[in-house]
S.K.: 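The structure follows.
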Amino acid sequence: MATRALWQTNVGDWLPDRTGGKFYKGDPANYWLWGWYVRYGDLFPNDITYTIGKSDYHKDWFFEQVPHALSDAWKNPAQRIRSTSLLAG
(Lines give C-alpha, C1' and ligand atoms only; values in the text may rest on other atoms or scores of the structure.)
Protein backbone atom coordinates (compact mmCIF):
# COMPACT_ATOMS: atom_id res chain seq x y z
CA MET A 1 0.00 0.00 0.00
CA ALA A 2 1.38 3.39 -0.97
CA THR A 3 1.34 6.18 1.56
CA ARG A 4 1.08 9.90 1.01
CA ALA A 5 3.94 12.09 2.20
CA LEU A 6 2.70 14.76 4.57
CA TRP A 7 5.78 16.95 4.19
CA GLN A 8 9.35 16.82 2.94
CA THR A 9 12.27 19.19 3.24
CA ASN A 10 13.47 19.29 -0.34
CA VAL A 11 10.59 20.46 -2.47
CA GLY A 12 10.14 23.28 -4.91
CA ASP A 13 12.10 24.26 -7.98
CA TRP A 14 15.12 22.15 -7.00
CA LEU A 15 13.34 18.80 -6.70
CA PRO A 16 14.61 16.07 -7.12
CA ASP A 17 17.92 17.43 -5.76
CA ARG A 18 18.65 15.12 -2.84
CA THR A 19 21.95 16.71 -1.85
CA GLY A 20 22.57 18.61 1.40
CA GLY A 21 23.48 21.85 -0.38
CA LYS A 22 20.36 23.74 0.66
CA PHE A 23 20.77 22.93 4.36
CA TYR A 24 22.98 24.49 7.03
CA LYS A 25 26.69 23.94 6.23
CA GLY A 26 25.80 21.70 3.29
CA ASP A 27 26.99 24.21 0.70
CA PRO A 28 30.10 23.44 -1.40
CA ALA A 29 32.27 25.74 0.74
CA ASN A 30 31.52 23.75 3.91
CA TYR A 31 30.22 20.20 3.44
CA TRP A 32 33.61 18.71 2.59
CA LEU A 33 35.37 20.12 5.67
CA TRP A 34 36.40 17.47 8.16
CA GLY A 35 34.79 17.36 11.57
CA TRP A 36 31.28 18.76 11.18
CA TYR A 37 29.99 15.65 12.93
CA VAL A 38 32.20 16.54 15.90
CA ARG A 39 30.85 20.10 15.98
CA TYR A 40 27.16 19.13 15.63
CA GLY A 41 26.66 19.03 19.41
CA ASP A 42 28.04 22.58 19.72
CA LEU A 43 25.94 23.91 16.84
CA PHE A 44 22.73 22.18 17.97
CA PRO A 45 23.10 21.41 21.71
CA ASN A 46 19.39 20.56 22.01
CA ASP A 47 19.28 18.81 18.64
CA ILE A 48 16.94 20.04 15.93
CA THR A 49 13.35 21.17 16.32
CA TYR A 50 12.02 22.30 12.97
CA THR A 51 8.68 24.10 12.87
CA ILE A 52 7.03 24.05 9.46
CA GLY A 53 6.15 27.56 8.34
CA LYS A 54 8.44 29.16 10.92
CA SER A 55 11.89 27.55 10.70
CA ASP A 56 14.32 28.14 7.84
CA TYR A 57 15.93 24.96 6.51
CA HIS A 58 18.97 26.99 5.38
CA LYS A 59 19.94 27.60 9.01
CA ASP A 60 17.74 25.38 11.19
CA TRP A 61 18.35 21.96 9.56
CA PHE A 62 21.93 20.66 9.56
CA PHE A 63 23.01 18.86 6.41
CA GLU A 64 24.17 15.83 8.44
CA GLN A 65 22.26 14.08 11.19
CA VAL A 66 25.00 12.29 13.04
CA PRO A 67 25.56 10.92 16.54
CA HIS A 68 27.39 13.44 18.68
CA ALA A 69 29.66 13.17 21.66
CA LEU A 70 28.53 13.70 25.21
CA SER A 71 31.04 13.72 28.05
CA ASP A 72 31.26 9.91 28.23
CA ALA A 73 29.03 8.52 25.48
CA TRP A 74 27.52 9.13 22.06
CA LYS A 75 23.99 10.41 21.55
CA ASN A 76 21.85 9.84 18.48
CA PRO A 77 20.41 13.10 17.16
CA ALA A 78 16.75 13.89 17.56
CA GLN A 79 15.09 15.71 14.68
CA ARG A 80 11.71 16.97 15.78
CA ILE A 81 9.34 18.37 13.17
CA ARG A 82 6.37 20.35 14.39
CA SER A 83 3.25 21.42 12.57
CA THR A 84 -0.40 21.64 13.45
CA SER A 85 -1.51 22.34 9.88
CA LEU A 86 -0.53 18.84 8.67
CA LEU A 87 -2.90 17.25 11.16
CA ALA A 88 -5.81 19.55 10.33
CA GLY A 89 -6.57 18.16 6.87
S.K.: Starting at CZ of Phe23, measure out to CG of Asp56 and round the result to the nearest 0.5 Å.
M.R.: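 Answer for the CZ-CG pair, Phe23 versus Asp56, is 11.0 Å.
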
S.K.: To the nearest 0.5 Å, what is the distance between CD1 (Ile48) and CZ (Arg80)?
M.R.: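 It is 9.0 Å, given to the nearest 0.5 Å.
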
S.K.: Rounded to the nearest 0.5 Å, what separates atom NE2 in His58 from atom CG in Asp27?
M.R.: 10.0 Å

S.K.: Should the pair Phe63 and Tyr31 be assigned to parallel (<30°), tilted (30 to 60°) or perpendicular (>60°) ring geometry?
M.R.: perpendicular

S.K.: Out of curiosity, Thr49 OG1 to Phe44 CZ, how far, rounded to the nearest 0.5 Å?
M.R.: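 One gets 10.5 Å once the value is rounded to the nearest 0.5 Å.
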
S.K.: Quick one: are Tyr40 and Glu64 in side-chain contact, heavy atoms under 4.5 Å?
M.R.: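 No, their side chains stay 4.5 Å or more apart.
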
S.K.: Taking all atoms of both residues into account, what is the closest heavy-atom pair of Lys25 and Asn30, and its distance?
M.R.: O-CB, 3.3 Å

S.K.: If only atom types and distance count, is the side chain of Trp36 paired as donor or acceptor with the main-chain N or O of Gly26 below 3.5 Å?
M.R.: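 Absent.
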
